[in-house]
Amino acid sequence: MPNESPQSQQPRNPTRAVRIGTVTIGGGQPVVVQSMCATRTSDVAATVAQVENLVATGAGVVRIAVDSSADARALAEIRERTGANLSVDLQENYRVAAEVAPWVDKIRYNPGHLYHHERHLPWADKVRFLVDTASAHDCALRVGVNCGSVDPAQREQFAADDWLSPMLASAVEHCALLDRLGFTRYCVSLKDSDPRKVVAVNRRFAAERPDVPLHLGVTEAGMPPEGIRKTQAALEQLLVRGIGDTIRVSLTVPFARKQEEIAAGKQILADAAAGRFLGALAQIDGGLNIISCPSCSRVENEAFIELAEQVRQLTRALGDQPITIAVMGCRVNGPGETDHADLGLWCGPTTVNLKRGSTRLGAFSYTAILPRLQEELERLVKSKADGGRRTADGGASPNVESLMSKE
Ligand code: SF4
């Protein structure tokens, strides 16, 4: 599959070329737009249909979540039915990589998740296993560092309010190990739900490892149009500096509209190429902020998408109140990735878990959650009016330059 996106001739960082199936990222190649399936991986027909739909819209790579041997078996069937460049998203169970590698072109692992299984083994041994597996099956790797699941060993090394340095250190540490192992067919991503942090941490990484291709994205950007605006505000700041080799726009949309992620990604690249910049990074500061995940096969109740929209409706009246609400689709990432919001919701099969900061308030049915959320919102607004401003970081929102300086 060719790199088909419209591209600028802006100078690009001198990243090395990394092949993912028939597409190449880095090495001066056009930036590749990618997305992820939201269908259940075990539903082969629905997943193949979504893969093909994304490819038809312009996806150069399509990611699929695999958490079990059943998902891995489904992936073998999916591979038979599509020629798309497939990436697999591993979570806790890194050993599933051996079952899926024959059927995919890239494996994404999260350094923070390597601690969850086989805790007695050093993480470096697990990376060696992934490298051996990827090498044996002609796969690339992505070191996917995420704000909600940072390597706990790195977390301990830095101040409690410095979330970017542990992310950066984790990525750099994994790159160094991969290099020592002689495996150079990898890229890195450093994602956060705050566009300013995405800009800051990726600029810092690119300055330290300009040779490593970067996959850019704002995680849990939320619903369009706000989710697209947040993503564009961050990515344009990076693309204009020659940073970024592949992008994903993570939007909370119904499964059937997943191709909107690709259309949005292509538009962001086209705008950057034409010099049309949103320049909105400084404006994304302090007001009402709803972060919600783009959903994937781990969603246990599709009512999650509707719930995210209902939360948006419910909070419209809040206007510019400096409140962050996180709405997550599953128990895998939901608990960790709601910790930094004022109020967090993460969805299970029949109930929605509500949190205030990192404090769990209980689980409520899908019908009971909105009135309960309303109560908490009223309490929060009152406490903020009383002078208790609290942001996701426990202080005033930082700007990019102050984040850049925390090295
Ligand atoms: S929070 Fe869960 S459902 Fe949402 S994208 Fe992340 S892993 Fe998938």
Side-chain angles (χ1 to χ4, degrees), residues 38 193-195 218-233 249-261 263-264 278 280 283-296 298-331 333-335 337-357 360-385 389-392 397:
S193 55
D194 181 334
V218 174
T219 192
E220 297 128 16
M223 290 157 276
E226 296 91 342
I228 297 173
R229 185 168 162 269
K230 273 190 225 174
T231 306
Q232 182 162 12
V249 183
S250 299
L251 297 177
T252 309
V253 288
F255 293 180
R257 290 172 43 197
K258 216 56 195 156
Q259 68 276 13
E260 289 181 24
E261 291 193 352
L278 206 56
Q283 296 157 29
I284 298 175
D285 196 14
L288 175 67
N289 182 23
I290 298 177
I291 57 181
S292 56
C293 85
S295 73
C296 70
R298 302 183 182 105
V299 167
E300 292 178 294
N301 190 329
E302 289 179 30
F304 152 71
I305 310 274
E306 203 183 328
L307 178 67
E309 179 56 39
Q310 288 167 333
V311 169
R312 174 158 69 172
Q313 300 292 340
L314 182 76
T315 54
R316 275 206 201 283
L318 293 174
D320 280 341
Q321 293 277 350
I323 290 174
T324 297
I325 302 173
V327 190
M328 297 295 138
C330 78
R331 71 181 81 189
N333 285 339
E337 303 208 5
T338 45
D339 268 356
H340 309 298
D342 291 296
L343 293 170
L345 298 89
W346 58 270
C347 299
T350 57
T351 57
V352 181
N353 297 272
L354 179 64
K355 291 167 63 184
R356 186 192 306 123
R360 190 163 178 268
L361 301 175
F364 304 89
S365 70
Y366 277 79
T367 49
I369 185 65
L370 287 174
R372 188 69 182 81
L373 177 65
Q374 174 86 47
E375 273 175 41
E376 282 302 317
L377 276 171
E378 285 167 8
R379 195 169 297 151
L380 189 60
V381 169
K382 184 169 181 313
S383 78
K384 283 182 186 289
R389 176 183 162 90
R390 181 164 68 87
T391 70
S397 298

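Heavy atoms only: backbone and side chains are in, while hydrogens, waters and symmetry mates are out.
- Looking at D342 and K384, their side chains come closer than 4.5 Å, going by heavy atoms from C-beta outward.
- Between the side chain of S365 and the backbone N or O of A368, at least one donor-acceptor pair lies under 3.5 Å.
- Between T324 and A341 the shortest heavy-atom distance is O-CB, 3.6 Å.
- Judged as a salt bridge (charged side-chain N to carboxylate O under 4.0 Å, His left out), and not counting sequence neighbours, E302 has no contacts.
- I305 meets the side chain to side chain contact (heavy atoms under 4.5 Å, CB included) test with T252, P254, F255, S295; sequence neighbours excluded.
- Heavy-atom minimum distance, N301 versus G348: CB-O, 3.7 Å.
- Residues meeting the salt bridge (charged side-chain N to carboxylate O under 4.0 Å, His left out) test with R331, sequence neighbours left out: E300.
- In this structure, E376 pairs ionically with R372, as a charged nitrogen and a carboxylate oxygen lie closer than 4.0 Å.
- The closest donor-acceptor contact from the side chain of K230 to the backbone of S193 lies at 3.5 Å or more, if one exists at all.
- Residues passing the side chain to side chain donor-acceptor pair (under 3.5 Å) test with T219, sequence neighbours excluded: none.
- Remark: the backbone N or O of G344 is not paired with any side-chain donor or acceptor of K355 at under 3.5 angstrom.
- Taking the side chain to side chain donor-acceptor pair (under 3.5 Å) definition, one finds that S250 meets it with nothing, sequence neighbours left out.
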*Do I290 and M223 pass the side chain to side chain contact (heavy atoms under 4.5 Å, CB included) test, and can you show the C-alpha distance, the side-chain angles, and the key distance before you say yes or no?*
CA-CA 8 Å; I290 298 177; M223 290 157 276; 4.1 Å; yes
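- Scanning both residues, C330 and W346, for their nearest heavy atoms gives O-CE3, 3.9 Å.
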*Give the intermediate values and the outcome of side chain to side chain contact (heavy atoms under 4.5 Å, CB included) for residues L314 and Q374.*
CA-CA 8 Å; L314 182 76; Q374 174 86 47; 2.8 Å; yes
*asked:* Using the rule given for side chain to side chain contact (heavy atoms under 4.5 Å, CB included), can you reason through L343 versus L377, listing the C-alpha separation, both sets of side-chain angles and the distance that settles it, and then say yes or no?
replied: CA-CA 8 Å; L343 293 170; L377 276 171; 3.8 Å; yes
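- For the pair T231 and A221, the tightest heavy-atom approach, listed with the atom from each and the gap, is OG1-CB, 3.5 Å.
- Taking the side chain to side chain contact (heavy atoms under 4.5 Å, CB included) definition, one finds that Q310 meets it with E306, L307, L370, sequence neighbours left out.
- Put simply, CD1 on I325 and CG on L373 are 5.5 Å apart, with the number rounded to the nearest 0.5 Å.
- Considering all non-hydrogen atoms of both residues, A363 and R360 come closest at CB-NH2, 3.7 Å.
- The two atoms that bring R356 and L361 nearest to each other are NH2-CD2, 3.7 Å, heavy atoms only.
- Rounding to the nearest 0.5 angstrom, the gap separating the CD atom in E226 from the CD1 atom in I291 is 13.5 Å.
- Here CG of L288 is found 4.5 Å from OG1 of T315. Values are rounded to the nearest 0.5 Å.
- In this structure, SG on C293 lies 3.5 Å from CZ on F304, to the nearest 0.5 angstrom.
- In this structure, CD in E260 is found 7.0 Å from CD1 in I228, a value given to the nearest 0.5 Å.
- Residue Y366 holds its OH atom at 7.0 Å from OG1 of T351, rounded to the nearest 0.5 Å.
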